[in-house]
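Here's the structure we're looking at; comments come further down.
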Amino acid sequence: MTTRVRFAPSPTGYLHIGSARTALFNYLFARHTGGKFLLRIEDTDLVRSTDESTRSILEGLEWLGLQPDEEIVFQSANAAKHRQAAYRLLEEGKAYRDFTPREEKAGDVKQSIAERARELPEKGMRDNPYRDLPREESDRRAAAGEPFAIRLKVAAEGKTEFEDKVYGLQERNYKDIEDLVLLRSDGHPLYNLAVVCDDIEMGITHVIRGQDHLTNTHKQILIYQALGAKVPEFAHLPLILAPNKGKLSKRKHGEIVSLTTYRDAGFLPDAFRNFLALLGWSANSEREIFTMEELIEKFSLEGIHRSNAVFNFREGDPKHWTDDKAIWMNAEYIRTMPLASLLPYVKAELKAAKLWRDQYESVSLSEEVAAPVAAPTETGSPEWFTFTVNVIRQRFFTLKDFSTQGRAYFSDDYDFDQSAVEKNLRKFPELRQWLPELADRFAAEFGGKKPFTEENIESVVKVFAEEKGTKLGVIMNGARTLLTGVAVGPSMLTVFAILGLERTLRRLRSRIVWND
RNA sequence: GUCCGGUUCGUCUAGGGGUUAGGACACCGCCCUUUCACGGCGGCAACACGGGUUCAAAUCCCGUACCGGAUACCA
């Protein structure tokens, strides 16, 4: 039997990272077992569902590389079938019409539900007067146009049980389960019915979803049984919590829970997927970096654990705005992934920042690209671009850094970090004369045949520093700040070489930071 | 309230009768270094609590506490 799993989000907002992880686990399971990964959009809540949200979910899945194997199912398209199923159960006496007028929920819904649930056992779970209404009367009232909901008739004695692939044996007494509504009085099929019908129709063999559905499962099993269908396997996933161990919610935590936030913040899909995979699941290995292929190979439901995981971040702290491990992992990917895989992302980032130049494009981008060992002399060439990216990626955390921290390599229009200017330039007023002087020296030394290479630059700068009786660091750090706008970066010799003689001279002679 | 589940460093986690309780991130220190990273070395830091079973419990059992989920004519 080939496995068939589905990811079934409701399109009522952007893709939550918890949902994204659920999708990922479904995908990994399908691939690992050679089965199918399906997508069903649960858009039966017409009021809250939006097309925009559906698009955003699709976009998010695509970004993570989780394409469904078959056509997307829209649950709303199946409403007629759901109704049919409810009526079939009514016909077979497994469900009944409830003529109780509908009660509108107002105020704090969660609380009113809890209150109702508290009172319910006293009245008795099976005290609905319509539960045993003679069939003729029920038919007559329905024919007369009296509105009714259809409820599943849950037996008074007995229990449901299933073996959850993660949480183990789960049992629930019927007495703890209300006669659940299958069809609203306006004919709208309710969630538990819709899910079961669709899962049957789609041939779902394994339901992998959040732990918040653990108790729903018992109700759904009752529906499967009433419908005479085979009950699938279930695997429930631990939840992803906020740092205060509360629910990680869109409303409370904002865009930090949205998958697209990470895409837009310059995360690599491989890195974020890797991070997500390790939240609530373990490959049981000291390693933590896994490609998609490795995740697929290693994934198993047994590796999922039962306790919820905290998504750790510090609100209002720019350095720790999201989970540190996610940031670290992204940086790790940026500096260690094959250059050929990284370059397209850098290209996209530079394009978005209007820093891209077509001359960077290498014809062999799709193949394994090895960075040149020394800075190519032809600034702006594909080799130069490859070399530069390889050098600067070593200390970047996100793709955004290529257009911000690394801006000075791709444009003459870059900003100066004022604290760097203070520390490395203004603190040494002599640099105001020395750096243009260094430019003259470079011009004299490299104006002819001598190539502007790190080795040659080093000897020139060393002599220069000695003449001025200053430490090499003063010259280097001052130059770094003036030439790149920031205090951090690669070896200054490499920076000179990357920028090339012309830009180096121009920038060394710039008065811009001296308030002249 | 009731039902269900959970609890190993700050966080993600390994381990599951005998371990100096392992790793990763974060943090701190040292080394490397013209800066910052990377890297290397080191440090801080955990079995929720109480009973039991056992020669031996973080590991098995029971209870308590705390946390989470569920509860609907929402999904």
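Note that this is a predicted model, so its numbers are computed, not measured. Numbered from 1 within each chain, the chains take letters A, B, ... in sequence-line order.
Between A:Phe290 atom CZ and B:C12 atom C1' the separation is 13 Å, expressed in whole Å. The CG-P distance, from A:Leu278 to B:U11, rounds to 17 Å in whole Å. The CG atom of A:Asp212 sits 13 Å away from the C1' atom of B:C4 (whole-angstrom rounding). Taking atom CG of A:Asn192 as the reference point, atom P of B:A70 lies 13 Å away to the nearest angstrom. Rounded to an integer number of Å, the gap from A:Glu115 CD to B:A72 P is 14 Å. For A:Arg209 and B:A75, the CZ to C1' distance is 11 Å, given to the nearest whole Å. Between A:Gln211 atom CD and B:U7 atom P there is a gap of 11 Å when expressed in whole angstrom units. Rounded to whole Å, the distance from CG on A:Asn477 to P on B:C36 is 8 Å.
In this structure, A:Lys159 reaches neither bases nor backbone, as no heavy-atom distance under 4.0 Å exists between it and the strands shown. A:Asn216 comes within 4.0 angstrom of a base, heavy atoms only. Backbone-only contact: A:Arg172 has heavy atoms under 4.0 Å from sugar-phosphate atoms and none from a base. Among the protein residues, A:Pro490 comes within range of the nucleic acid bases, having at least one heavy atom under 4.0 Å from a base atom. Heavy atoms of A:Ser185 sit under 4.0 angstrom from at least one base atom. Contacts of A:His218 with the nucleic acid, taken as non-hydrogen atoms under 4.0 Å apart, are absent. When heavy atoms are screened at a 4.0 angstrom cut-off, A:Thr100 is found touching base atoms of the nucleic acid. Counting non-hydrogen atoms under 4.0 angstrom, A:Gly280 reaches the backbone sugars and phosphates but no base. A:Lys247 comes within contact range of the sugar-phosphate backbone alone, with a heavy-atom separation under 4.0 Å but no base atom that close. At the heavy-atom level, A:Leu493 lies under 4.0 Å from base atoms of the strands shown. Among the protein residues, A:Glu42 comes within range of the sugar-phosphate backbone only, with heavy atoms under 4.0 Å from sugar or phosphate atoms but none that close to a base. When heavy atoms are screened at a 4.0 angstrom cut-off, A:Arg287 is found touching no nucleic acid atom at all.
Considering only the side chain of A:Ser307, B:U7 comes nearest among B:U7, B:G1, B:C74. Of the candidate nucleotides B:A75, B:A26, B:C36, B:C36 has the atom lying nearest to any side-chain atom of A:Val488. Comparing B:C27, B:C38, B:U34 against the side chain of A:Ser491 picks out B:U34 as the nearest. Candidate nucleotides B:A37, B:C27, B:C73 were compared by shortest atom distance to the side chain of A:Arg395, and B:A37 ranks first. Each of B:C4, B:C38, B:A14 was ranked by its minimum atom distance to the side chain of A:His305; first place goes to B:A14. Residue A:Gln170 places its side chain closer to B:G5 than to any other of B:A72, B:U34, B:G5. Across B:C3, B:A24, B:A75, the shortest atom-to-atom separation from the side chain of A:Trp328 is found for B:A24. When distances run from any side-chain atom of A:Ala309 to the nucleotides B:C73, B:C27, B:C12, the shortest one goes to B:C12. Of the candidate nucleotides B:A72, B:A70, B:U34, B:A72 has the atom nearest to the side chain of A:Val109. Nearest nucleotide to the A:Tyr167 side chain, out of B:G5, B:U71, B:U35: B:G5.
For B:U53, there is no paired nucleotide, since no Watson-Crick or G-U wobble pair has both relevant distances below 3.5 Å. Checking B:C32 for Watson-Crick or G-U wobble geometry (two distances, each under 3.5 Å) identifies no partner in any strand. Remark: B:U2 base-pairs with B:A70; criterion is Watson-Crick or G-U wobble with both hydrogen-bond distances under 3.5 Å. Judged by Watson-Crick or G-U wobble contacts below 3.5 Å, the nucleotide B:A24 has B:U11 as its partner. For B:U59, there is no paired base (Watson-Crick or G-U wobble, both distances below 3.5 Å). Base pairing annotation: B:C38 forms no Watson-Crick or G-U wobble pair, as no partner gives both donor-acceptor distances under 3.5 Å. Both distances falling under 3.5 Å, in either a Watson-Crick or a G-U wobble arrangement, occur for no nucleotide opposite B:G17.
As rounded to the nearest Å, B:A57 and B:G39 have C1' atoms that lie 41 Å from one another. Between B:G5 and B:C9, the two C1' atoms lie 24 Å apart (nearest whole Å). Taking the P atoms as reference points, B:G23 lies 12 Å from B:C44, given to the whole Å. When the P atom is compared between B:C41 and B:U34, the two are found 22 Å apart, to the nearest whole Å. Comparing the same atom, P, in B:A72 and in B:C12 gives a spacing of 31 Å after rounding to whole Å. Rounded to whole Å, the separation between the C1' atoms of B:G51 and B:C28 comes to 40 Å.
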Salt bridge (charged side-chain N to carboxylate O under 4.0 Å, His left out) assessment of A:Arg441 paired with A:Glu467:
CA-CA 12 Å; A:Arg441 181 71 55 91; A:Glu467 283 173 20; 2.8 Å; yes

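Put simply, A:His236 has no side-chain N or O that comes within less than 4.0 Å of OP1 or OP2 on B:G6. Taking side-chain N and O atoms only, A:Arg306 has a distance below 4.0 Å to OP1 or OP2 of B:G6. Between A:Asn308 and B:C67 there is no side-chain N or O to OP1 or OP2 distance below 4.0 Å. Side-chain nitrogen and oxygen atoms of A:Thr215 include none within less than 4.0 Å of the OP1 or OP2 phosphate oxygen of B:C3. For the OP1/OP2 pair of B:C66 and a distance below 4.0 Å, the side-chain nitrogens and oxygens of A:Lys245 include no atom meeting the criterion.
Between A:Phe299 and A:Trp281, the two ring planes are tilted [angle within 30° to 60°]. Classification of the A:Phe234-A:His236 ring pair by plane angle, with boundaries at 30° and 60°, yields parallel.
Aromatic rings from A:Tyr130 and A:Tyr96 are positioned such that their centres are separated by 6.0 Å or more. Within the 6.0 Å centre-distance limit, the rings of A:Phe162 and A:His218 are counted as a close aromatic pair. Side-chain rings of A:His82 and A:Tyr191 stay apart, their centers remaining 6.0 Å or farther from each other.
Note: A:Arg97 CZ to A:Phe148 CZ = 5.0 Å, rounded to the nearest 0.5 Å. In this structure, the separation between CD1 on A:Ile498 and CD1 on A:Ile392 is 7.0 Å, given to the nearest 0.5 Å.
Nearer the 5' end of RNA chain B, as judged by each residue's closest nucleotide, is the contact made by A:Trp281, out of A:Lys423 and A:Trp281. Residue whose closest nucleotide on RNA chain B sits further toward the 5' end, between A:Leu183 and A:Asp176: A:Asp176.
For the pair A:Tyr262 (side chain) and A:Ala326 (backbone), a donor-acceptor distance under 3.5 Å is absent.
Salt-bridge check for A:Arg184 with A:Asp186: passed, with a basic side-chain N closer than 4.0 Å to an acidic carboxylate O.
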